[in-house]
Protein chains: 2
Amino acid sequence: MNQNLFAPTDETVPNLESLRIDTPPVTLREMALERLRNAIIAGLFSPGQRLVERTLCDQLGVSRSVIREVLRHLETEGLVETAPKQGPIVARIDWHQARQIYDVRIALETTAVADCARNADAATKEKLKTVLEDLDRNSRKNDALTILAATTEFYETIFLSGGHEIAWDIVKRLNSRISRLRVMTLSTTNRTVSGPARMREIFNAILRNDPDAATTACRAHIEEAAQIAESLLVPGKHGKP
Amino acid sequence: MNQNLFAPTDETVPNLESLRIDTPPVTLREMALERLRNAIIAGLFSPGQRLVERTLCDQLGVSRSVIREVLRHLETEGLVETAPKQGPIVARIDWHQARQIYDVRIALETTAVADCARNADAATKEKLKTVLEDLDRNSRKNDALTILAATTEFYETIFLSGGHEIAWDIVKRLNSRISRLRVMTLSTTNRTVSGPARMREIFNAILRNDPDAATTACRAHIEEAAQIAESLLVPGKHGKP
DNA sequence: TCTCGTATGATGGTATACCATAAGATCACG
DNA sequence: CGTGATCTTATGGTATACCATCATACGAGA
């Protein structure tokens, strides 16, 4: 009888979900992971720089066990590589890798964007509108980090609205690997203009439920970023291809 | 002068690469990682099963430090999840996730296959031919593991021939997450026939340098697998949708 | 008989100790 | 002055010790 009271149909009582005490097992490791990851993404460590375990222990104030597990995690994420006989270093990125990352992003993001254009509900469209408005407000300030965050939120909305959590996860990781590149890209002439413009194209296509146009705009958005990145990363390609 | 001798143009002397003694720093951790990963993929541990650290220490004969770092690695790969207040367990996979994985594979593999159809050189085509012939020889034996390995090699050739190492890495990881599913899929009626057939379609399209046909065949290949997986994973979908 | 409290054992989180090795410096010898 | 050997030190790899917490079981009392 009690059973009936507390688990009536197993799905018709979502209220009970909210009762759940989501334990904050904010472990040392998780904090250290976030700190270190952000530090690397922010460029606090330069690519190729050695990450000496004991030094990190002092800097983060935790023991080596924690540091080592965090390094393993970041290694799997691609932010850290382990040089043989030398230990962990901040991963370097060359143009060959960066180009591949942009290619994967094109493959995944065009898919998500097209799907969103097909199936987006009103709430999603509203959310995208809000994000774009914020972006417009901020783009004038030319603050790279702010624009980056808004761009991320824009695509996150698109991915998650279609239930593509795994693809979004992949894209997030790839983006963290080219984070420096993305910031540099945004510092480039009028990228702070062309980026939001492309995103508005995508948005309009989604509003019209036009998957093809959305795909095209999305591809253009990423491809432009890739072009700028290439000019930054490949010395000979600064204007003359 | 010595400098000129040993690093002439930095790229015109690939022979020096072969001189490199690739140190085999086959660390305990790497061995344990491979063992444990294979064990999970092979289904030695069932999904949801707890992975008690100290038990694994005994089973693998290493200390907890190693085990914990390996678990972190597998966690990032998606093969292991850490339940709060309970510790690491073998990741479960539901249909929602599996479907997403198939979707990502479609996005990445169609891209790679189309690119291969556009640019494949003779050596690549030859390699693919060999792989398919091996597959044909073995498919009659209906040995799921062998077929799986050949399928993997087929796609690996396609990805790597186009220089898509990162995308291939992603696909490999995703595949390990649905490994059980893939084996089950192959055990299904005539999947051991339809799979190779689709791969031959892809191969023929690549031979003809026909990216569109290759894309279509590749999508069909994965979509078929996804259909079978769905019928296995979703009880109500066994034949009547 | 049921419920509540306590105790005990297991488990993960964290820190530290030890060891082998590789890189760098110093010094002796040619 | 240069070359080479040796010693020192720093570093990562590995193992172990300690602790807080959670779950289970058992027992006492209503």
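A, B, ... follow the sequence lines: proteins, then strands. Residue 1 opens every chain. What you see is a predicted model, and the numbers here were worked out from it, not measured in a lab.
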- Query: Looking at A:E77 and A:R177, does any basic side-chain N land under 4.0 Å from a carboxylate oxygen?
  - Reply: no
- Message: Counting only heavy atoms not in B:E34 (residues, nucleotides, ligands), do more than 12 fall under 6.0 Å from its CD?
- Response: no
- Message: Just checking B:R99: does its CZ atom have more than 12 heavy atoms from other residues, nucleotides or ligands closer to it than 6.0 angstrom?
- Response: yes
- Query: Is B:I67 touching bases, backbone alone, or none of the nucleic acid, heavy atoms closer than 4.0 Å?
  - Reply: nothing
Identify the pairs formed between an N or O of the protein and an N or O of nucleotides 13-16 of chain D at a distance under 3.5 Å, and give each distance.
unit_1	atom_1	unit_2	atom_2	d
D:dG13	OP2	A:R68	NH1	2.6
D:dG13	OP2	A:R68	NH2	3.1
D:dG13	N7	A:R64	NH2	3.0
D:dG13	O6	A:R64	NH1	2.9
D:dT14	OP1	B:T27	OG1	3.3
D:dT14	OP1	B:L28	N	2.7
D:dT14	OP2	B:T27	OG1	2.9
D:dA15	OP2	B:S63	N	3.0
D:dA15	OP2	B:S63	OG	3.2
D:dA15	N7	B:S65	OG	2.5

- Task: Would you list the pairs meeting ring-ring contact (aromatic ring centres under 6.0 Å, His included) in which at least one residue belongs to residues 48-107 of chain A, sequence neighbours left out?
- Result: none
- So ring-ring contact (aromatic ring centres under 6.0 Å, His included) across residues 150-172 of chain B, not counting sequence neighbours, yields B:Y155-B:H221, B:F159-B:W168
- Task: Measure the distance from CG on B:L56 to P on C:dA10 and round it to the nearest whole Å.
- Result: 17 Å
- In whole angstroms, the gap separating P of D:dT11 from CG of A:L51 amounts to 12 Å
